[in-house]
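One structure below.
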Amino acid sequence: MPSNDVRTLLQTAVPTAVAGAVAAAISGGVAGGKGALGAVVATIVVVLFMGIGLMVLQRTAKSLPHLFQAMGLMLYTAQLLLLFIFVAVFKNTTMFNPKAFAITLVVTTLVWIGAQARAHMKAKILYVEPESDKGEKPKNTGTRS
C-alpha cells in the first residue's frame, strides 16, 4: 500500500477509533457494560467496512481511473446499505445494547466520512506526473488519490 494510502487510512481510522472510545465511555455510563460493548462492536464494524472500502477505492483509482467516480458512489451506497442491514439484524439482540450500537454506528460513520474528506483535501497528490529529466512525457494518473 503506497504511503499516501496509508496516511489517508490513518487519518481516518484514528479519529474514528477515538470517537468510538468516547462513545463506548458514554454508552458504558448510560447503559452499562452492554452499552459499552455495543459501542465497541459498532466502532469495529465501521472501521472494517470503511477501511476495506477505502482500500478498494484506492485500488480502483490506480487501475481503472475512468471508473473512480462511479465506483466511489456505488461503494458508499453499498456501505451505507450494509450498515443499515447490520442495524436491522442486531435490532433485537441481547448481547449488547442495540441503541448504543446504532447511535455509535451513525456517529463513527459520520466521523470517518468527515476525516476522509479532510484527509483528501490536505493531501498534496499530483494530478499528473511532471516531466522527467530524460525528456519523457508526463503520465496522466487520472486521479488525486
Side-chain angles (χ1 to χ4, degrees), residues 1-130 132 137-145:
M1 191 177 229
S3 65
N4 287 332
D5 298 346
V6 172
R7 189 176 307 117
T8 301
L9 185 61
L10 284 175
Q11 289 175 345
T12 54
V14 170
T16 304
V18 169
V22 170
I26 293 170
S27 298
V30 172
K34 287 190 176 196
L37 181 61
V40 168
V41 170
T43 303
I44 291 169
V45 166
V46 168
V47 169
L48 285 176
F49 277 20
M50 297 302 219
I52 291 169
L54 181 63
M55 288 189 297
V56 167
L57 197 56
Q58 296 295 349
R59 184 168 291 211
T60 300
K62 285 174 183 49
S63 61
L64 303 166
H66 58 284
L67 294 178
F68 180 71
Q69 185 177 13
M71 183 67 169
L73 291 171
M74 193 251 348
L75 181 68
Y76 288 131
T77 303
Q79 285 175 329
L80 289 175
L81 286 173
L82 283 172
L83 291 175
F84 282 129
I85 290 169
F86 241 82
V87 169
V89 166
F90 289 107
K91 181 171 60 173
N92 297 320
T93 188
T94 58
M95 187 169 83
F96 50 77
N97 186 309
K99 279 188 179 181
F101 174 76
I103 291 169
T104 304
L105 200 67
V106 170
V107 169
T108 53
T109 299
L110 292 174
V111 168
W112 180 283
I113 291 170
Q116 187 174 0
R118 183 180 185 278
H120 281 293
M121 286 190 308
K122 291 241 177 226
K124 293 182 174 139
I125 302 170
L126 300 172
Y127 285 98
V128 291
E129 295 177 17
S132 69
K137 290 184 179 180
K139 296 179 184 177
N140 184 354
T141 60
T143 182
R144 285 185 57 209
S145 315

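Only this structure's heavy atoms are used, side chains among them; waters, hydrogens and symmetry mates stay out.
Residue Leu80 holds its CG atom at 6.0 Å from CZ of Phe84, rounded to the nearest 0.5 Å. Interatomic distance, NZ of Lys34 versus OG1 of Thr93, reported as 8.0 Å (0.5 Å rounding). Here OG1 of Thr12 is found 5.5 Å from CG of Leu54. Values are rounded to the nearest 0.5 Å. How far CZ of Arg7 is from CG of Leu9: 12.0 Å, rounded to the nearest 0.5 Å.
Ala24 and Ala39 get closest at one heavy-atom pair: CA-CB, 3.5 Å. The two atoms that bring Phe101 and Ala42 nearest to each other are O-CB, 3.3 Å, heavy atoms only. Closest approach of Thr104 and Ser27 over heavy atoms only: OG1-OG, 4.2 Å. The two residues Ala119 and Thr8 come nearest to each other via the heavy atoms CB-CG2, 4.2 Å. Among all heavy-atom pairs drawn from Val46 and Thr16, the shortest one is CG1-CG2, 4.1 Å. For Ala31 against Asn97, the heavy-atom pair with the smallest separation is CB-ND2, 3.2 Å.
Evaluated for a side-chain contact (heavy atoms from CB on, under 4.5 Å) with Val41, the options Leu37, Thr43, Ile44 yield exactly one hit, Leu37. For the side-chain contact (heavy atoms from CB on, under 4.5 Å) criterion with Ile103, the lone passing option out of Val107, Leu105, Val106 is Val107.
For the pair Met50 and Ile113, the minimum side-chain heavy-atom distance is below 4.5 Å. Contact annotation: the side chain of Tyr76 approaches that of Leu57 to within less than 4.5 Å [non-hydrogen atoms, C-beta and beyond].
When the ring pair (Phe, Tyr, Trp, His ring centres under 6.0 Å) test is applied to Phe49, the partners found at least two apart in sequence or on another chain are Phe86.
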Would you please test Met71 and Val56 for side-chain contact (heavy atoms from CB on, under 4.5 Å) and show each step? CA-CA 9 Å; Met71 183 67 169; Val56 167; 3.6 Å; yes

